[in-house]
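Take a look at the structure below.
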Amino acid sequence: MSKIAIRNGRIIDPANQRDRIGSLYIADGKILSLSDEVADFTPDQIIDAQNQIVSPGFIDLSVRLREPGHTRKGNIQSETRAAAAAGVTSLCLPPDTKPVIDTPAVAEYIKDKAEKAGYEQIYPIGALTQRLAGAELSSMFALKQAGCIAVSNADIPLANLQILRRAMEYADSHDLLLIYHANEPSLHAGGCAHDGAVASRYGLPGIPSAAETVAVAQCLELAKLTGCRVHFSRLSCKGSVIKIQQAKKYGLNVSADVAVHQLHLTEDDMTPFDSAYHVDPPLRTQSDLQFLREGLANGTLDAICSDHQPHDIDAKLGAFPETEAGASTLETLLPLTLQLSRQNAIDLSQAIAALTLKPANILGLPLGALTPGLQADICIFDPNETWRVQQENWRSAGRNTPYWNKPQQGKVTYTIQAGRIIYPN
Amino acid sequence: MSANLQLNDEGKLKHFLTIDGFSREMLNEILDTATSFAGMSEHQVKKVPLLRGKTIVNLFFENSTRTRTTFELAATRLSADVLNINIATSATSKGESLLDTIRNLEAMHVDMFVVRHGISGAAQFIAENCAPHISVINAGDGQHAHPTQAMLDMFTIRQHKQDFSRLKVAIIGDILHSRVARSQIQALNTLGAEEVRVIAPKTLLPAHIEKLGVTPFHDMKAGLADIDVIIMLRLQKERMNSSLLPSESEYFKCFGLTEDKVRLAKPDAIVMHPGPINRGVEIESSVADGAQSVILEQVSNGIAVRMAVMSMAMQSTGGGA
């Protein structure tokens, strides 16, 4: 395995509270040293990172690869290429593939395909219930043994709260993290936009914030009852932030993340009937956005994820309510996160922690830090480079982003996964 | 929505998808053009050759008798050829996408689509994706807009009330699901009405309705005071006895328009309804057929307004004989 020296970069490593210009040495897939000079080290490759930032590789808690089952939208090859170009060195794959990840065979198939695609750190999330049907518990222990890092029912509702309770008890028995997408289906039903002024103006069926906050409240009560470790995925509104803050204050073992676009866009940004803005949870209000940013700054929200959901053209070509929800977001993850720091919503170290250290802690992985001896997952990026989202530089198969043709600031130059340069490759 | 999509490079009407974004001048131009067509139904020959040689497709993905018929009559009186597509037996029921249906019709060299669709934004989607020479008129999309209905209502109001700036208008009923109400509200505000009120239980009002420039009321007594124009909306019976309303009788008791309630408004108030009306559910027969009712005038005016919109849109795309 090659030896790499990264020189002159600004090393930002929130785990070790490090922010200084220096060098980093990699050997045998691991971080060897961050000293200025290492004796008897002859690098195979030297990367000059002058004017660039060297950080741990990003860990994305929610990335749809669309394989198996939905390969017209993307596949493991295309989407892991996008992940590598985005500085993402580890990603979690929700179980709503087809077939769903409810057997070890599916998890193993995905890991095998990822390995063949040259991207080895995909962490499948096992289905919480069989076929994600919401009624019968999945074989969680077997899924854990097959490499599933957590369990979840993705965006699909459970039959009732008793199932959720039992699933939480069983997951906790095997020390499995429950990743929960809070969504009360009876309040969400048929909606395609935030139930606010914009949806009212354009006659779009609304999804009230309460669809999320009611579900957060219920799940928190059950977390208290069962002791299960819960991670709330992709929160979108003020009420949820307040509830998570209270739960943490009272000692519940919970964490939460937010999709990066929810920190920048609101219902007011929606160009009428432009399906690129059709996401779920929907873009909410300025007040929600402000609370999400504050929640991130004060640690109520732990991590930022991309909530990457590539779609084929046909899925987004239609009248807004008929189109499929979701945006292709991996490749705008870094610029949008850096923008938070430029806008003083959070500082740069916090921004990087939300992409590295925090998700590693949530998953219980020894990653997300530039500590000698740890696996060398590294992202090197130029925080000032500007570029435009367009065909020539876009790697995801999904072109469904509200940022298409829009300028971005911040670009990944190198992504190193377990000591191997996977971007540029 | 910006009016840009709806106007051609010279600022003339190209598509008519929503009232949203249009200026007062443009709305008045539509009303003035409609006035020039209004007397035509009295003539012995009820036709002008404005759209001779043009093909207009009534593309109705939802059932409608009144709207489709008035669009067809309007097109016929402008001498256009009209094609009515029966969606129930069309390709979309065989799985063809909306866009493919449009592409196929385009290939038949048509000039205008009049579109009714159950999904909000469908008419805009068609306008954005069809050939540049084609105009699209929205005949009602989902809960979004029904701009020609709103304009025929404005036309009817102007016939009776002249000055919009002194008007207080109440729209009563199922605002939540009503594309007509949304377009009426935008038209009334653009034309400068003094006050627009909506009267309904909370279950039938959209979130943050006041941001559309209306004052919400949940009580007819307060809501109808000093009102010049009462616009009743159709209450869809299928929504009765669901979680939105307890019963027809309770709805009628609270929000049905009776002679007693009409007397709460100004003595010369007019009563409107976009139809079809549910007698005894949202309106009492004696009011629907009474002296203050202008409901049938609305229907007649629909033809003139649709002629105006079609001729303006076609002329902006090089139409007209």
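Note on naming: letters A, B, ... go to the chains in the order of the sequence lines (proteins, then strands), and numbering restarts at 1 for each one. In what follows, every heavy atom counts, from backbone to side chain, and hydrogens, waters and symmetry copies are set aside.
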B:Arg179 versus chain A, the contacting section by heavy-atom distance below 4.5 Å: neither
Only one of B:Lys211, B:Arg182, B:Gln186 forms a side chain to side chain contact (heavy atoms under 4.5 Å, CB included) with A:Arg201, so which one is it? B:Gln186
Taking all atoms of both residues into account, what is the closest heavy-atom pair of B:His208 and A:Asp195, and its distance? CD2-O, 4.4 Å
Using non-hydrogen atoms and a 4.5 Å limit, figure out which bit of B:Glu210 sits close to chain A: side chain, backbone, both or neither. neither
Ignoring hydrogens, what is the shortest heavy-atom contact between B:Ser120 and A:Gly203? Give both atom names and the distance. OG-O, 2.5 Å
Which label fits B:His144 and A:Phe273: parallel for a plane angle under 30°, tilted from 30 to 60°, or perpendicular past 60°? perpendicular
Is A:Tyr202 close to B:Asp20 at the side-chain level, that is, under 4.5 Å between some pair of heavy atoms? yes
Between B:Ser178, B:Gly142, B:Pro206, B:Ala123, which shows the greatest number of heavy-atom pairs under 4.5 Å with chain A? B:Pro206
Polar side-chain atom of A:Ser200 near backbone of B:Ala207 as donor-acceptor pair, under 3.5 Å: yes
For the CG atom on B:Asp9, are there more than 12 heavy atoms of other groups (residues, nucleotides or ligands in this structure) within a distance under 6.0 Å? no
If one checks every heavy atom of B:Leu99 against chain A at 4.5 Å, the contacting part turns out to be side chain
State whether the number of non-hydrogen atoms from other residues, nucleotides or ligands found under 6.0 Å of A:Lys98 atom NZ is greater than 12. no
Heavy-atom pairs under 4.5 Å with chain B are the metric here; pick the option from A:Gly206, A:Gly196, A:Gly318, A:Ala197 that has the most. A:Gly318
Verify the neighbour count for atom CG of B:Asp100: are there more than 12 heavy atoms of other residues, nucleotides or ligands below 6.0 Å? yes
Comparing B:Asp141, B:Leu212, B:Leu176, B:Ile126 against chain A, the one with the most heavy-atom pairs below 4.5 Å turns out to be B:Leu212
